[in-house]
Structures are given as structure tokens and as C-alpha cells.
Amino acid sequence: MDKFEKAFNDIIEKDLKVEPRDWMPEKYRKTLIRQVSQHAHSEIIGMQPEGNWLLRAPSLRSKQVLLAKIQDEAGHGLYLYSVAETLGITRQEMNAQLHSGEAKYSSIFNYPTLTWADMGAVGWLVDGAAIVNQVSLQRTSYGPYSRGMVRICKEESFHQRQGYEIMVQMAFGTPEQKEMAQDALNRFWEPALMMFGPHDADSVHKGQSMAWKIKRESNDHLRQRFIDRTVPQAEFLGLTIPDENLKFNEETGHYDHSPFNWDEFWNVVNGNGPCNEQRLDHHKKAHHDNAWVREAAAAYAAKTETIVA
Ligand code: FAQ
């Protein structure tokens, strides 16, 4: 082991942070680029299911709140792309990987948002699951990612509350509204649980990512925390979680649940979910249609540099 590797191992062992200028193993860098860029893509693609409801929001207030929330997601994407850039990849390369299918984004965003209650379910369940994962990632070993997570989590908790507020309005509204809220929960429950990734036994990156403290807790551990937290929230709403085997286990102190449909998960991850094609096509179109903005910004930067020089 040379002195660089020793210094890196010391940082990990002592629970300090690895910073962009520190030496790091190539695989550590690559693993982080993979995870952080996929996280960034999720934030950006994740704007689409909610964007679908901006023009249909039922009041001016709900439109303003949803708009602010979606703008936050764009901001999260930008922080995370910046984190990935500190590891030596460019935005252009990340976009190319997204468009070619080499880089993934969270499976959850490949489901359609069919009613206004879905805006409640997305905020409550999707942002709720994101927070559980991201609070854990605040302690990740890579400094810029860890600091980004601290800021992002603050905003996500507002998102979770705006979603829950919609659920409260719907669940305590008219019978039709309550039915819409239940239907949204039925459709989003299992996809939200899938956000935590495959079972630990099938999580190919788990061992190395946990050893390097990129991930601090396993997929199953975080998923269980989310279930335990969310069940009482559903009970308060008077809604039923669509799992007949969901039951509190006095011995473990956790909720037991049915096995998940992993075929459905891999089908969506491998590009065959209900909206995969639509989401990617929309991103490619926006990227193409807005090429002039990037060109104008580059021309302006070149011009300003010349003036400064
Ligand atoms: N979807 O070995 P593992 C948000 C892939 S939050 C698609 O367990 P790892 C906020 C995985 O990439 C959502 N693919 O992998 C928001 C790997 O494939 P690869 C984003 C998935 O990395 C709310 C393979 O399966 N949050 O956006 C999924 O150790 C509302 C094997 O899996 C993050 O990205 C999945 N669900 O653990 C925005 C958090 N799960 O890469 C808008 C950061 C697994 O080898 C609106 N990421 N895969 O080709 C993580 O914590 C981790 O990457 C995990 C996966 C936990 C997602």
C-alpha cells in the first residue's frame, strides 16, 4: 500500500470526508460518478411527472406551491451535476450517458401521474422515500456529495409536507376525492418502495459502497425505515396500504410486508416501464430544442473572456 492509499484509507476509517483534490482509488471515483450522476438525472427527469399537473393545478396557491417544488428539483439536479463534475466528468458526458441509456435514473419516474391526488402521493411517498435515503447519504464519505445532501434534505422535507397536505385535503374531502387519494396510494406504494433498490442480497454495489462509506445503510434497512414511518401516516389519513400482509411485528418492532414484485422492478429499470420512452424522449427533445441557449452562453463566455484578457 503506498502513502496515497494509506491516506485515503485513514480518511474513510476516521469518518472524515474525501475532498475533490484528495487521491482516491479509481473505482471509488467511478462508483461515485455512477451514483451521483444517476441521482442528478433522477431529480431532472423527476420534474416531468409533476410538470404534467402544473397547468391543471386546482387553485392558484396549489399551482404556486407545485411550481416552487419542481424548481427545487431542478436545483437539486444542478447541485448534483456539480458534485459529479468535481470527480472529473462533464455535463455533456453525463447527458450523453443518460440519452444512450448507459446511465439510469430512478424507476419511480417511469410511472404516469393520472390525477391531482398523484401530486399528493408523489410528495408524500416519493419525496418521503427520497428523504429517508438522503438523510443517510448526508454521512456519505465524499465531502461535496455529503454537503449537497444536507441542503437538499431541507428542501425535501418541505416537499414531503406539501404532498401530505394534498393527501389530507383529498382524504378528508368528498368521497370521490378520498377514492382518488386511495387510488394514488395503491399505484404509488410499491413503486416508492422500489426506489431503495433491490434486496440487499441482489445489490451488486452494496459491499464495496458500504466499505467505502459511500452508502451508510443498506437498501433493505432504509426501505424498512420508510415503511415503519409511513404506515401510521396512512392510518391517520384513513387510507389502506395495498398490502394485505402488512402487520406490525411486536418481536422485531417493524412492519412485516408481502414479497415485492421484482420482475416489475427490473422491467422498469431495464427501460420497459409505462413511461420510460416518453420521459427520455422528452428530455432529448428539450436538450435538442434548447441547444441555442448553450451556444449563446458559450459565445457570451468566449466574448467576455476576450474582453477580460
Ligand atoms: N431505479 O447495487 P444496487 C429524487 C440500479 S430521489 C433505477 O443496490 P446502488 C427526489 C442501480 O443503479 C430518487 N435503478 O445499486 C425527487 C444499479 O445499476 P447500475 C433518486 C436502480 O447504487 C422526488 C443496480 O440497480 N435518488 O429524485 C434503482 O448501490 C420527487 C443494482 O443496485 C437517488 O438516486 C431504482 N430505484 O444502490 C425528485 C439516491 N435501484 O448503476 C423529483 C442516490 C437500483 O450498476 C420528484 N442513490 N438501481 O447500472 C442511491 O442511494 C443508490 O444508487 C440506490 C441504489 C439506493 C438507488
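It should be emphasised that the depicted structure is a prediction, and the values quoted were computed from it without experimental measurement. Atom set for the values below is all heavy atoms of this structure, side chains included, hydrogens, waters and symmetry mates excluded.
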(Q) With no hydrogens and no angle check, just 3.5 Å: does a side-chain donor-acceptor pair link His283 and Gln48? (A) no

Arg294, CZ atom: more than 12 neighbouring heavy atoms under 6.0 Å
yes

Take atom CZ in Phe4; do more than 12 heavy atoms of anything else shown fall under 6.0 Å from it? no

Q. Any chance NZ of Lys284 has more than 12 other-residue heavy atoms, nucleotides or ligands included, within less than 6.0 Å?
A. yes

Ignoring hydrogens and geometry beyond distance, is a side-chain donor-acceptor pair present between Tyr79 and Arg151 at under 3.5 Å?
yes

Q) Going through the checks in order, is the side-chain hydrogen bond (donor to acceptor under 3.5 Å, both in side chains) test met by Glu5 and Asn9? A) CA-CA 6 Å; Glu5 203 175 342; Asn9 289 343; 4.7 Å; no

Hey, are Asp118 and Arg187 close enough for a salt bridge, meaning a charged N less than 4.0 Å from a carboxylate O? yes

### Message
Donor-acceptor pair, distance only, cut-off 3.5 Å: does the side chain of Asn276 make one with the backbone of Gly273?
### Response
yes

Parallel, tilted or perpendicular: rings of Phe260 and Trp262 (30°, 60°) = perpendicular

* Any side-chain heavy atom of Ser209 within less than 4.5 Å of one from Thr31? -> yes

Check your understanding: Does Ile12 offer a backbone N or O that forms a donor-acceptor pair with the side chain of Lys213 under 3.5 Å?
Key -> yes

Taking the side chain as every heavy atom from C-beta outward, state whether Asn110 and Tyr105 have any pair of such atoms under 4.5 Å apart. yes

Quiz item: Looking only at side chains, do Gln38 and His41 share a donor and an acceptor under 3.5 Å apart?
Solution: no

Should the pair Trp189 and Phe226 be assigned to parallel (<30°), tilted (30 to 60°) or perpendicular (>60°) ring geometry? parallel

- Query: Is a donor on one side and an acceptor on the other found under 3.5 Å between the side chain of Thr140 and the backbone of Ile214?
  - Reply: yes

Just wondering, are more than 12 heavy atoms of other shown residues or ligands nearer than 6.0 Å to CD in Gln97?
-> yes

>> Can you confirm whether Glu244 is buried at CD, in the sense that more than 12 heavy atoms of other residues, nucleotides or ligands lie under 6.0 Å from that atom?
In response: no

Subject >> Side-chain heavy atoms of Tyr142 within contact of Val36, under 4.5 Å >> reply: no

Are any of the side-chain heavy atoms of Tyr111 and Cys275 separated by less than 4.5 Å?
no

Quick check against the 3.5 Å criterion: does Ser42 have a side-chain atom that pairs as donor or acceptor with the backbone of Ser106? yes

Exercise. Does Tyr164 reach the main-chain N or O of Gln233 with its side chain, forming a donor-acceptor pair under 3.5 Å?
Worked result: yes

Here the pair of heavy atoms bringing Arg223 nearest to Pro198 is NH2-O, 3.5 Å

Does a salt bridge link Glu165 with Lys69, judged by any charged N lying under 4.0 Å from a carboxylate O?
no

How about Arg161: does its CZ atom have over 12 heavy atoms from other parts shown lying under 6.0 Å from it? no

Q.
Salt bridge check, Arg225 against Asp228: does any charged N sit closer than 4.0 Å to a carboxylate O?
A. no

Within a reach of under 6.0 Å around CD of Glu277, are more than 12 heavy atoms found that belong to other residues, nucleotides or ligands? no

Check this for me: His282, atom NE2, are more than 12 non-hydrogen atoms of other residues, nucleotides or ligands nearer than 6.0 Å? no

* Asked: Would a distance-only check, ignoring hydrogens and angles, find a side-chain to backbone donor-acceptor pair under 3.5 Å from Glu217 to Leu222?
  -> no

Query - Close side-chain approach of Phe8 to Trp212, heavy-atom, < 4.5 Å - result: yes

When His221, Arg216, Met149, Lys215 are each screened for side-chain contact (heavy atoms from CB on, under 4.5 Å) with Ser136, the one that passes is Arg216

*Hey, does the side chain of Asp127 reach the backbone of Ser157 with a donor-acceptor pair shorter than 3.5 angstrom?*
no

In terms of heavy-atom contacts, Leu237 and Lys178 come closest through O-CE, 4.5 Å

Closest heavy-atom pair, Met94 versus Ala84, reported as atoms and distance to 0.1 Å, is SD-CB, 3.6 Å

